[in-house]
Amino acid sequence: MTTTRETETSHLTGSHALPASATAPGSQASDLAGFLEQFAADTSGVTHAVLLSRDGIRLVDSGVDKDWADELAAAICGVASISANITGPTSSKRPAGQIIIERDDCLFFVQNAGSSSAFPNHPGNVRGVVDTILAVITTADADVGGVGFEMSRLVDRFAPYMDIPVRTAGVEPR
């Protein structure tokens with residue numbers, strides 16, 4: 001029997017869909033969605049959070065409108081890809097630790113979140129893992145340093161669910 005929660009969190013990815021069991025209560029994907037929901041509720045200025053795959057597909061979110069979250073995931077994937085392919089002053093290409101996009105109506109924060117096997121039926125699953133990106137949307141006047149710090153803490157909370165967790169710098173709060 002499919003519960004309301006399972007129906008709400010099943011994810012369409014083109015012609016592929018994650019089975020409801022992948023986001024069933026107690027599953028790794030459900031736990032990650034819970035972290036995002038708690039983060040959005042507890043972090044000042046945060047309105048939405050989405051965990052997406054590096055190939056631009058929404059995996060789990062904090063209760064965001066699904067159509068908007070799918071569009072956001074595709075756009076954020078492009079931003080992360082562009083930032084990783086810009087040659088820096090040391091003549092090398094490296095992924096950004098964190099990307100911030102400022103608009104008059106909100107701020108977008110983007111950060112790598114690790115590689116996870118929590119999404120086994122994801123079409124971008126390579127060698128049993130999916131590379132993930134955390135996207136956070138805040139109010140335009142949110143505390144950038146505070147949100148960035150809390151995002152790093154959230155990514156640290158993801159570590160047990162990641163086969164290859166992201167190493168975050170031990171940033172001290174201000």
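All values below come from the heavy atoms of this structure, side chains included, with hydrogens, waters and symmetry mates left out. Not measured: the values here are computed from a predicted model.
Residues Val79 and Phe108 have side chains not in contact (no heavy-atom distance under 4.5 Å, counting atoms from C-beta outward). A 4.5 Å side-chain heavy-atom check between Arg54 and Thr132 finds every atom pair outside the cut-off. With a 4.5 Å cut-off on side-chain heavy atoms, Val110 and Gln98 do not count as touching. Taking 4.5 Å as the limit, some side-chain heavy atom of Trp68 sits within range of a side-chain heavy atom of His48. Met151 places a side-chain heavy atom less than 4.5 Å from the side chain of Leu134. Using a 4.5 Å cut-off on side-chain heavy atoms (C-beta onward), Lys66 and Asp61 make contact. Annotation: side chain of Thr138 is not in contact with side chain of Thr47 (no heavy-atom distance under 4.5 Å). Phe119 is listed as a side-chain neighbour of Val60, based on a closest heavy-atom distance under 4.5 Å.
Judged by distance alone, the side chain of Asn112 and the main-chain N or O of Gly114 form no donor-acceptor pair under 3.5 Å. Of the possible donor and acceptor atoms, one in the side chain of Ser27 sits under 3.5 Å from a partner among the backbone N and O of Ser30. Thr43 contributes no side-chain N or O that, together with a main-chain N or O of Ala40, makes up a donor-acceptor pair within less than 3.5 Å.
Side-chain heavy atoms closer than 4.5 Å link hydrophobic residues (I, L, V, M, F, W, Y) into clusters, and following such links, possibly through other members, connects Val46 to Phe35. The cluster map of Ile, Leu, Val, Met, Phe, Trp and Tyr, joined by side-chain heavy atoms under 4.5 Å apart, puts Val64 and Ile76 in the same cluster. Placement of Leu72 and Leu154 in two distinct hydrophobic clusters is found when ILVMFWY residues are connected by side-chain heavy-atom separations under 4.5 Å, directly or transitively. There is no path of hydrophobic side-chain contacts, each under 4.5 Å, that joins Leu107 to Ile133.
Here the closest non-hydrogen pair linking Ala80 and Ile99 is CA-CD1, 4.1 Å. Nearest approach of Ala73 to Arg58, heavy atoms of both residues: CB-N, 3.7 Å. Nearest approach of Leu52 to Ala135, heavy atoms of both residues: CD2-CB, 3.9 Å. A pairwise comparison of heavy atoms in Arg157 and Pro160 identifies O-CD, 3.2 Å as the closest pair. Annotation for Asp163 and Ser117: closest pair OD1-N, 2.7 Å, computed over non-hydrogen atoms. Between Ala113 and Leu51, the shortest heavy-atom distance links the atoms CB-CD1, 3.7 Å.
For Ala49, the side chain to side chain contact (heavy atoms under 4.5 Å, CB included) partners two or more places apart in sequence, or in a different chain, are Leu36, Phe39, Ser62, Val136.
Taken to the nearest 0.5 Å, the CG atom of Asp156 stands 11.0 Å off from the CD atom of Glu150.
A side chain to side chain contact (heavy atoms under 4.5 Å, CB included) with Phe109 is found for exactly one of Ile137, Val144, Ile101, namely Val144. Screening Ser53, Ser115, Ser116 against Asp131 for a side chain to side chain donor-acceptor pair (under 3.5 Å) leaves a single residue, Ser115.
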Would you check, one step at a time, whether the test side chain to side chain contact (heavy atoms under 4.5 Å, CB included) holds for Gln28 with Met162? CA-CA 10 Å; Gln28 288 185 341; Met162 300 292 166; over 6 Å; no

